[in-house]
Each structure stands twice: as structure tokens, then as C-alpha cells.
Amino acid sequence: MTAPDPARHWLLRALFRLPNLAALVGLILLWEFVASVWLPRSDPYLATLMPPPTQVFTTAVELIRSGELGFHLLASLKREAVAFLFALAAVPLGLLMGWFRPIHAQLDPIVEVLRPIPPLAWIPLSILWFGIGDAQNQFIIFLGMFFPILINTIDGVAKVEPVLVRAARSLGAGEWKVIKRVVLKAALPQIVTGVRVGLGVGWMALVAAELVGASSGLGFMINDARSVLRTDIIVVGMITIGFVGLVIDMLLRFATRKLLPWSVSNAK
Amino acid sequence: MTAPDPARHWLLRALFRLPNLAALVGLILLWEFVASVWLPRSDPYLATLMPPPTQVFTTAVELIRSGELGFHLLASLKREAVAFLFALAAVPLGLLMGWFRPIHAQLDPIVEVLRPIPPLAWIPLSILWFGIGDAQNQFIIFLGMFFPILINTIDGVAKVEPVLVRAARSLGAGEWKVIKRVVLKAALPQIVTGVRVGLGVGWMALVAAELVGASSGLGFMINDARSVLRTDIIVVGMITIGFVGLVIDMLLRFATRKLLPWSVSNAK
Amino acid sequence: MGRLSIENVSKIYGDPASEGAVVALRDVSLDIPDHAFCAILGHSGCGKTTLLNMVAGFERPTFGEVSIGGEPVSRPGWRNTMIFQEYALFPWMNVAENIEFGLEMKKLPQQEREEARRTYVDLVGLQGFETKYPRQLSGGMRQRVAIARALAVCPEVLLMDEPFAALDAQTRGAMQDELVRIWRREPKTVMLVTHSIDEAIKLADKVVVLSRRPGRVKDVVEIGLERPRDEDHADYIALRRRLRELIYDDFDERS
Amino acid sequence: MGRLSIENVSKIYGDPASEGAVVALRDVSLDIPDHAFCAILGHSGCGKTTLLNMVAGFERPTFGEVSIGGEPVSRPGWRNTMIFQEYALFPWMNVAENIEFGLEMKKLPQQEREEARRTYVDLVGLQGFETKYPRQLSGGMRQRVAIARALAVCPEVLLMDEPFAALDAQTRGAMQDELVRIWRREPKTVMLVTHSIDEAIKLADKVVVLSRRPGRVKDVVEIGLERPRDEDHADYIALRRRLRELIYDDFDERS
Amino acid sequence: AQGGGFTQWGWPQPYEKVSQKSVDWLKEKGWWPLTFGWQGPFSGQNTINVVLSKTDMLQKRGLETKFQAFASGPDVNEAVASGRVQVGNGGNFPFTSLIDRGLPVKALAVVAPNLKHSTVAPKDSPLKSLADLKGSNPPAVIGIVTGSSSEFYFTQAAETVGLKIGTDVVLKNMPPSEQITLPRGVAAVAPWEPTVTIITEERKAGKEIDTIFPYNFYEGRFYVRQEIIDEAPDVAQAISDAFMEASLWIRLKPDEAADMLAAEPLLKNYGRDLLVKQVRTYNNLYKPTYSFPHAKFWGEEDARIAKWLKDRNRIRRPLTAEDYANSFDDRFMRKTYEKLGWTIPKAPPFIPADWKGEIGKLPYPPYPNAETLKEPQIWPEAGDLTRAWSFDGKSFAP
Ligand SMILES: Nc1ncnc2c1ncn2[C@@H]1O[C@H](COP(=O)(O)OP(=O)(O)OP(=O)(O)O)[C@@H](O)[C@H]1O
Ligand SMILES: Nc1ncnc2c1ncn2[C@@H]1O[C@H](COP(=O)(O)OP(=O)(O)OP(=O)(O)O)[C@@H](O)[C@H]1O
Ligand SMILES: [Mg+2]
Ligand SMILES: [Mg+2]
């Protein structure tokens, strides 16, 4: 980032002096004001749909204390994890598609048509294939994860510097060694990017995934709270999803820095 | 892509000789076989859940002929378009956040927490804010589009080559000119990438967006067909979404090549 | 007007009081008369770019002062414009637009802009390439566009940071000749950073040799040779030997 | 064993019958004895890299044949290994792992591999840097790793495509000296592509000058000078003049 | 309303218009057109909404209206809570959430009482009744909509039959759209109409092994925002009147009503036979007084639901029969019946005069319902009218 001379504009100078989370805190205060002062004035019942942060906080504390939030969170995380293990199949598939042109030519049209179909739309067919229960929920999450990992792996392979492949061949490496020792390794940073995107999308597919057959999970909690008009629980669920999604992403970024110390995108 | 010597393996050689869509055609034939021969034998009820391609095709023809598919497609496209216009606000916001560190510091925590929240979870609040009807549907799509565009714009600005900024300053450009003539332009290819991703995600949010209060659109069509188990309509809807998603992406890629002829990612 | 004077300039990166502070330059003073061509030679990391950046206004000296024509330098601008090694052409503008960019920033009217553009396109010999984009040009041609763009704003001081390092040997030779030709037709105060002794001798009136970090002025060698300069001339060979000694003098490390 | 012979080799890109076919090389024959150091000089685009690629086994001649020690070259491998301008080190391997890569491919047992690695780390003077990753090294050090990695597989022919072009002038000089030192301790048949006349004279036994496209052998100049070679020696200057004339002979274009 | 005679479907002429003051008030509130929210995927019980939306019964009373279909109860609730919908309908469960959250709505009428909920097993399943599920190992999976009337029904039935939830059976959340598929791994599903009929008769994939009738009197509610009652009571009256008029219209023209349903985007995929049957069952089977809001009766029955929900921690405060009773406002329906010349009924028409049952004491003794009632109840019978009334050209005397 090439920041400009900070001294130039008084507004910027003022912004510079703000503590880091000022905007976030401001937003929360505004929300509190709207939900507990302004909304009730225009219609005393609107706050049902937009509970003030204080009430959300109380509800959150309650849900945490009763263990409910933890229970749902754990259930969702477990589903994510299982789905992720299956979604990792996108890595070898992506390697094959990225490396062997004819395989790419055959499979790419299929991938391209399947990719934009929303996970939600797969629910009926997935019930047919997996029945109801965890496998079906996991499948929906899996769909969200699979394509980003696949696309990034293919892309990562396509972007492997040809000179590295030539170097390996020139040092006597055969086809298989080239794929395993060079292509896979060189594509790894982008595969990891794919994993990050995939985990994000998979996490966002939670609500859709837990629409059917689940009786636990954050998505279920939200869907269920809707049916009893508990917007406070919905907001707690949303914030939990948002926050945990953020934490997962940060952990992954951290892990990448540790595990792929040589990666360019980490160097900067 | 550094393809290997194609002559090396007989399997690869065979693959090379296959016509381009062989795998897709093979898949469709397999599906036809499973749905109209194998499933009815093992369990006749299951067959209704997995209509054979021939039936899907018949249904599609019917829906097209009656104008229904076109009607829903148009409604969805219209929603996408409106949502997209609003989502473009992510571009100036992203420029500001990418360029001015203090703005980034303030807004980033908010963005990071809001981003992973699935559009589906916003439904209750969005009804409060936008009522029922198109605005609410569009808001859900908007959410899907906004963050990819924002994130990519920020990232694009962060990656602007500092030497270009220096060059502009050294030629006498002031702050505003630097932003308008250099930063925006240099970030444009990545902004376009963000737009592509955003349109994709927005398109995938259709089904969730048209869950409430809509009585048109592909998402509505799928949701509605679900309630009466018309799996053939669901599959037609899925394929339409998949296919149109693909077409949108291709159009955008094409437009980019025409409009940003200088972009690096187009050069290769 | 374009006289460049650098007075007791030091540059320290980081908090001067802290452990990690890097003294990039120490107490550098230079005086370059108007329209003189000065080359800076020195090892990698000795502070050449730092010095140029301060003259260009991108950075400020920790101590001392840089001034052009008596006026202290406070910010980047067209008076002290820089040509970068990577050319730094705007990839989304064609040749004509790149060259006109600085003129637009100077708010010149359209017509004058076009005239100036034509002059400088001619000067660097790029007639017919006005509508090409940078990526459609060879390395040497890009370098010419960068030179034309910088000259078009009529800078008082022209700064160049290893402008030819990215070119292959033949093209580099041709561009050096070109630069001399252009500079003689349109004299400017020039400050050029290079790693190449030959380049310095071939181009400059005055070669400033910096010592290893922290950079100080080790010597200033005046090149009295006629232009164009003959590499095989005895004086040239002697100058080369002298500069080589100055440079390798403290070059012990291997890489 | 490492005698390299190139017999009536032509390379045409694209369908020879079509309009767009590019004749990169025409009827090139060369014979480089075992352990000789040969440099290839020529303009950009004259087919130097193409020639090297065919010797390395990355491409096949359209006509003619390349053979090493009497055996035709059919594919890349350690016998005819290449060192690239961009170093082409594997960024995810440290120095030791990079050097051992080729040995692993040769399926050498662990112990031999480690011994060989030690030998070559010593040879290029990188003791103590074994566990560093490429991006932690300077350009010159990376180039050394690339050389060690290539030498470690004991190639019969060592190919280099402008190996020093990305280094700055001082480092380049040092690396050239280094290469000569290493080559003398461990003689190989070497084929080195360069744009620099000085580099060719400084390093090679034999300088092959290629003509502009389509590349043909214009002349082969034997460098009879003692090593280390003195740039200011009269014979050196004469050779330089001769090569410069051969090269610039048909250099009319400007960029 | 005297002297003008009756329409063919029995509505006394002329129509009464709402006052300009009320219209102005609605406009000022931003509630113009007045928006009705209804749940699309249900068919028979929604006929009144569809007919109201496609005829001019409300316009004739001076109201401009808009009908908005929603896919599920929570959607309607959210729309009502935000004030974007001012007249709503839904099952007793979503309505409970409205009461629980203190949203100001009052039910004017009851719709689709005793809507059938059934336990449906795959056709070839060995199950014959709920009792067969006893001792299932592993526990049999039952697909239900969590937190809905069908969960309530099933748990009540299970308790009555002696099934243990968790050991004999486990309940899995499934929207009706998924229940239709009778997916692999479920022993049975517990949908409500029309899904029950779709599975058993249209798709012929399943069979009913149990129904709701002995365990719960289900009811849907037709409600308005309290503000309308307070500020524009004539509007509430007009809505109540139009509701009854539509109900009578459907009674006269069930096939036309089914056609109107079929034209709804949300319902067009249903078969016509199904729609006709649903209309006949849920509007025409009972006497038209099924819609009278018997606050005490329904209050007591619904209080069982509230207790059950509270036990499951799904609502925040215990709701009593009184709370429920207070959520009805029968003044408007009384006036409507007066205009029609109908006697105010003492009990819902499906409660036989000699019924021995007691609310909350399961199982309930038999009573006429969609399953047992082969012919529509006779209307009007002696004592149903206070004045002469005419329907389909026939005149009836009290
Ligand atoms: N922003 C900075 N922060 C800290 N140290 C810096 C910074 N910029 C440069 N340095 C250090 O200052 C010294 C001089 O750097 P400078 O880039 O001026 O050298 P140079 O002579 O241009 O080298 P080269 O020939 O490699 O371009 C170096 O040691 C460098 O590491
Ligand atoms: N794959 C290819 N397809 C078509 N033409 C090619 C291909 N590779 C090289 N050429 C052409 O063949 C000619 C020789 O290219 P080559 O890369 O061998 O030149 P070079 O001497 O190495 O040039 P330089 O000094 O710039 O590296 C050039 O005109 C080039 O454009
Ligand atoms: Mg520098
Ligand atoms: Mg080359």
C-alpha cells in the first residue's frame, strides 16, 4: 500500500488519530440507538426484528451459559471438517486437470456447468443420494468447498513456472516425479488459497446445509430461531458464523505462513 | 500449461483422440441409464427423484415453449442487474479502503465480520429493512456480490505497483489525479475479477434470495418445484442457473478482453 | 536554474536512536552545475537509489538539504522528474497518452500538448508508434517512451536509476548512444545511477563514486573525453582502470 | 564421452509448409570436443536459446541431429543438464535439497547424496547456507546454487542460457571468475549463451558467432589467451574488436 | 343490510363501505394498499385469500389491497412484525410466536380447523400403526418440521401410544418439500395437508399410519394488526365481512375457486383434482361457522401448545389459555353473522352436542373430521339462522 502523505487533509489526520476499532464501536452504538430508541418510536414492535446489541449480548450469554451455542458450533464445525476431508479430493483432480490437457478438455465443460449451481438447489437431489442426516448436510457444504479448491488447483498448476519443470526434467526427473515434486509443490500456495476460499464458502453454505435433517448446528439454530421469531438468536448465530469464519481464515493464514515459509505471497 | 509429451502413455493418447465433449455426453448417457433403467428396477419411487435426461429435456422444452422459463430467467436477471448496480458501490469504497490506511483500519474489522455471514441468514433483517418484494430479494443478491468486489478492489489497490504511483507524482500529479488516473486504472483488472466473482456469487444467491416474497425467478421456480416434488423442473432450473452463470462469466471475460486490452492477465 | 546542490545530506532509515536504524548515506555533499551530466557509481546497497529518491522528492533527508536552482526540494513533481529502471510506463495508456500525461498534469492546453508530444516522439524516434500500448513495444522502445515522457515536462533535473539495466547488451549500447544524442540536443541537468563503469564513462561529464554503506562520496572523477567516446582509446582505458580500482578497492565480499 | 556434435541442424517453428513458419536455425553444424568451453554469441532472436534447447533435449531439430558422446539426444536428463538465466531453483527446497534433487532423481543412496552435496556446496563456496531458502539468498548466491545443482549430477554437457544476465555488474564479474575457477577444477563440456562480448572472451575456449535470423554459424573464433584473462591486454582488445565487428556487422536496426 | 336481498352466494346487499377517515389513516400509516400475507404452499386453507385477491369483494368495501404469498410461516411472521404485512394468516404455531413476542395482532377468524396432519410411512413399509414403532432398534427416524404443529402432534401421539422420543424414535427436521420425497433412512414423515394427500394419493408412495385427530384440534388464524382495530374498526369489520363472503362464494363455486388457486404461481404445480378436493375439505365440509373465533375453546386447546413450547424452551414466557383467548377478537365476526342473520354458535361445528371429550385429555373421542365426514355438514340447520337467508337461489328460514 502506498499511502499518501498523511498530513495532507485534516479529515485523514483525524482518522489517523482514531483508535483502531472506533468505527466498529460506533456502529454498535448506532445500532443500539436505532434499535432501542429510534425504532420503538416509529413502531414499538420493530425491535423484535432488530434487537438491540444489549439484548443480543444477553441472549448470547444465555446461549453460551446453557451450552447451546457451543453445542451447535461444535456440530457445525464437525460437519465442516468432514466435508473438507472429502473436498480435498479436488486437489488430485485439479492436478490431473491442470497438467493433462486432454483430461482438462473432457472435464472442464462438466465442471463449468456444475460450478454455478447454488448448493441450496442441490438439496432435493442430495436427499435422494444421501438420505437425510449428516451425509446430506455435509454434501451441501462439500459442494461449496469443492469448486474453489478445484479451480484454484487447476489454476495453480497452469501457472507453474515452466522453467521449474524444465529444470526438474533437465536434472533427470521423470513425469511422475515432476508432478509430485515440482508441480504439486509449486501449485501449493494457490491450492492453499483455494482451500481458504473453499472453507469460507463452505462455512457460508452452513445455513443451507442445515436446512434439512439437521437438529444441531449454527445453521439449524438460525433456521429454528426464525420459526419462533427469535431475531436475537438469529443475530447471535450470524455473529458467531461471521466471527468463527474470520477465525478459521486467520488460523489458515497463520498455518500457511508456518508451513509454506517459501511462498511468495507470504514474503511480502 | 506445460503439457507433457502426449505420446508417452496410451491412456493419454486415447484421451487426446476423444472428441471434446465426450465425457459430458458419457455422463448424460450414464445418467439416462441410471434414471430410466437401473433406478426403476431397484426402487421405482427413487426414479421420480432423479428424472432421466430425456424427461428433463421434455420438461425444458415445455417450459421454454410456454414461456415460463424465459419469464423466470428474465425476472432473475433483472434482480441480478439491479443488485449489481448497487454492489458497484464497493468500488469507490474499496478504493478508499485500499488507499487510505486509516479508513482501512476502521472499516476492515466490520467488513471481516460481516463477510462470512451467509446471505440466507440476512433474510429476517432484510425483511425489516426492505419489506417484502424485489428490494429484499435484491438485497440478498447484493450481499453476495458486494464483498467479493470490495475485497478485490482493496487488494487491487494494495497491489498497484508503487513505481507507477511514483512516476505519476514525479510527473506532477496531485493526490486526486494519482487516485483517478493511476490507482483506479491499475486496480481495474482486479476490480473486474472481483466483479466476475461477485456476479458468480450473486447468481448463486438467487435461490436464497427468491425464497421469500418472490413469485418469479429461477430460484422461485426451484423452490416451488421442490414443494411438489417436480424434480425434473428442479433439474431444468439448476441447469439453467449453471448455464446462464457460465454465459455471464464468459461474456464478462470477453468484455474485459475488449475493454482492458492492456491488462496483463489478458496478455497471456 | 537547474543547478543541483546536495548539502551535507545524511539519510537514516528507522528511528536514529534505535538499534535497527540503517544509515544509508552519511554527510554527502555534491554540486552539479546546470546542464551537467553526472553519473553515480557504487556497490549495491551503498545508497544510490536513496540519494536519487531524495533529489526526486520521494524521501526527505534526515539531515542536510537538497536544492534545485536554489530552491529546496520538498515533494515530487515535474521540476525534478525521475526515469525508472522498470520504465514505469502506464500500461493502460498508449505511447501518446503516456507522453502527454505529465503535460496534462501541468494543465497545458490540448494543442500545446499535442505539439510537445510530436516533438518528443520525433526526438526519441518513435514516429508511427503513438497508438501502441507499452506491452506491444520492445524493451528499448519502452525506455525511449519513458525518456520522452520525462523530457516532455521540461524538468530542471532529470534523474535516472539504472535506466538500462533491464536491456540486453546490444540494445543497451544503442540506448546509451541515443541518450547522449538526445541530451546534447536538449541539455538538462542529469543524474544517472549505474552499476556499469563503461556506462558511466560513456555518458557522464562527472562520475561520483560512492563508498560502501553508509554511502559517502569517495571520489568525483571528471571525464574530459570528447564525445562520442572510443572504448579503445588509451585515456578511456586509463579512466576505466582508475574507476575499477576505486570500486573494487573495498570489494571483498564475494556476492 | 562429453563430445558434443551438432550436425546440419535446422529448426523451423510451425508447419514448415505454412506461411507463418519461423526458421529459427538453418543448417548449423558444430563440433565441441570433450571438456571444451564454448560460448555462443548472437543478436536477440537469432536462435541461441533454440540451439541450447535442442542440445538439452527440450526440443527436437526439424532436420539434422544432435549427439553427445556419439549418442543422439532424445530427451532432457542429467547427461545434458541446463542452467537457466532465472536460476530455476525450487523455492520450496533449501539449498541442500535443491542440490540433492538431481542426485535423488538418479536414485543415489542417501550417503552418497550427502557427500556429493557437501563437495559441491564447498566447490561453490556456500558453506553455512545449506538450510537457507532461495529467496533468502542474493542473486549471485542463487546462481551458485544453480551451478552446484547442475554440476552435482555430473553432466556430460553443461548448458547455460545467459546465466549472468540478471546480475548486477560487480556480481556478474565475480561470478564469471568463479565459473572459470569451478570449470577448471571440474572440467565439463560447456555451452554458454551470452549477449556480452566481454563475457565470451573472458570465459570461452571457442566463441561461436551466429548470424541474424535464421541463425547460421557466422564464424567460430578460438580464444587462445591464458587464463585468467587481462581485459587490458592487447590481444584481448583485438579479439574484442574482431568480435564486435562480427556482431555489429549486420546490426542496423536501432532497438 | 336489510332490504337489498342477497347475492347468489348469500351475502346481504348492499355492501358497506369503510369511512374516508379510516382510508386516510391507513394511507398516513403507509398501509395503503392494505397488504395481506399468506403461506403459499398450503392450498385448501388458503382458498379464501386467493379468492379475495382475485375478486373485488374488498374493493367493493372501499379497500385497496395487495396479497403477498410466502413460502413459510416464519416469513409471514417476519413480514407482520416489520409491519409490511397488516393482515396475515397462518397456523397456530407461527401465531404463538407472535403472541410470545408481544406483537399486536388479533385473530378475527379461524381457518382450516382440524387440518389433517398424518404420520405417513412408505407404501411397502411393514408399519401399520404408530405402536409398531415401539422398540425400534436403532430408533426409527421420523421426518417432521421442527417446532411446528406436526412436531406437537407427533409428540402428543407418541406419548399417548407410549413411544419414547430418543429411544424408540428420533425426530429429524425436514421441510414439507423434503418430506414428500420420503427419503431413504426415514421410517415415516409427519406432514400436514396437502402434503399428506400428495404423498398418499398423487404419488402413491406412502400410506397413513396415524392422524392428528385424537390428539389435537388444529386451527389456522386469520388476523389483523391491533392498530387497525383501534384506529379503523370499520376496516376490521370490512375484512371480517369479506372473509365470510369469500367463504360463502367458495361454498357455491368450489371448482372456480380451485381454478383460481391453480393460477397462483406458488400453486400451479399442484394437480387440479387435489386442489378441488382440498377446497371441498377445508372450506365446504364443516358448517360455515367453523370460522367463528371461539376464544375459550381455542384458548384452552392452544394453551397445551404453549406449555409444550415453554417446556422445550422455545418461547420465552408461559402463555395461558387466557393469553390465547385475548388474542382473539370476536366482535367483528359477531357483527358479520348479525348481518347475515346467523345465530352466534356456542361451539365449533365439529364438536358434537353430546361430545364427552375434555380438552387436554387424550385421546379425544371421535368427532367429525376430514377422515370420518363423508358428506358436508348440513347448513343451515334448525337454530342456525335468526332471519331468512338465501343461498344459490334457495331461501332458508330460521
Ligand atoms: N525504506 C528503507 N528502510 C530501511 N532501509 C532501507 C530502506 N530503503 C533502503 N534501505 C537500505 O539503505 C541502503 C541503501 O539502499 P539503496 O536502495 O539506496 O541502495 P542502492 O545503492 O540503490 O543499491 P542497488 O545498487 O542494489 O540498487 C541499503 O542497505 C538498504 O537496505
Ligand atoms: N515456440 C516458438 N514458436 C515460434 N517461434 C519461436 C518459438 N521459440 C522461438 N521462436 C522464434 O525463433 C527465433 C529464435 O528464438 P530464440 O529464443 O532461440 O532466440 P535467442 O537467440 O535466444 O534470442 P534472445 O537473445 O532474445 O534470447 C525467434 O525469432 C523467436 O521468435
Ligand atoms: Mg538502487
Ligand atoms: Mg534466448
Side-chain angles (χ1 to χ4, degrees), chain A residues 88 91-92 94-95 98-101 152-153 155-196 252-268, chain D residues 49 52-53 55-59 73-95 97-108 131-137 142 145-162 166:
Chain A
L88 280 182
V91 173
L95 278 178
W99 190 242
F100 297 108
R101 256 176 216 281
N152 274 286
T153 306
D155 198 45
V157 171
K159 278 188 191 151
V160 171
E161 283 188 58
V163 74
L164 294 183
V165 174
R166 288 199 154 187
R169 291 218 173 107
S170 204
L171 290 164
E175 194 64 21
W176 170 236
K177 289 277 181 194
V178 167
I179 295 179
K180 203 181 94 179
R181 302 286 308 269
V182 179
V183 177
L184 176 61
K185 285 297 176 67
L188 214 47
Q190 183 143 9
I191 293 175
V192 170
T193 303
V195 166
R196 272 182 55 204
L252 218 65
R253 267 195 254 189
F254 178 79
T256 318
R257 254 199 306 277
K258 290 283 139 192
L259 297 176
L260 308 179
W262 46 269
S263 159
V264 187
S265 53
N266 289 325
K268 60 164 186 180
Chain D
T49 299
L52 231 59
N53 279 342
V55 179
F58 294 133
E59 283 169 19
V73 170
S74 70
R75 52 160 73 200
W78 59 269
R79 289 169 64 233
N80 43 342
T81 204
M82 176 111 125
I83 295 177
F84 300 85
Q85 172 182 339
E86 316 88 322
Y87 319 130
L89 298 180
F90 304 120
W92 52 89
M93 299 184 190
N94 63 26
V95 169
E97 289 164 340
N98 261 291
I99 295 177
E100 284 180 43
F101 182 84
L103 305 170
E104 237 180 283
M105 295 301 114
K106 277 176 105 174
K107 299 205 172 60
L108 251 61
T131 59
K132 293 269 187 266
Y133 284 93
R135 67 175 178 86
Q136 299 173 300
L137 304 178
R142 289 183 206 181
V145 178
I147 292 172
R149 183 175 71 171
L151 287 175
V153 296
C154 289
E156 289 161 19
V157 174
L158 185 63
L159 304 163
M160 303 192 211
D161 196 355
E162 304 185 45

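Below, read A as the first sequence line, B as the second, and so on, with proteins coming before strands; counting in each chain starts at 1. Everything numeric here is computed off the predicted structure, so don't read it as measured data.
The choice from F101(D), Y87(D), F58(D), F84(D) that makes the most heavy-atom pairs within less than 4.5 Å of chain A is F58(D). Across P155(D), P76(D), A146(D), the residue that shares the most heavy-atom pairs under 4.5 angstrom with chain A is P76(D).
Across M82(D) and S170(A), no two heavy atoms sit closer than the pair N-OG, 2.9 Å. Of all heavy-atom pairs between M105(D) and L171(A), the closest is CB-O, 3.7 Å.
The side-chain heavy atoms of W92(D) and L164(A), taken from C-beta on, include a pair separated by under 4.5 Å. Counting heavy atoms from C-beta on, the side chains of R166(A) and N53(D) come closer than 4.5 Å.
Looking at K185(A), the atoms closer than 4.5 Å to chain D (heavy atoms on both sides) sit in the backbone and in the side chain alike. Looking at Q136(D), there are no atoms closer than 4.5 Å to chain A (heavy atoms on both sides), in backbone or side chain. Looking at L159(D), neither its backbone nor its side chain comes within 4.5 Å of chain A, counting heavy atoms on both sides.
A cation-pi arrangement is not found for R181(A) relative to F90(D), the charged atom failing to lie both closer than 6.0 Å to the ring centre and inside a 45° cone about the ring normal.
Residue-environment remark: NZ (K132(D)) stays at or below the threshold of 12 foreign heavy atoms within 6.0 Å.
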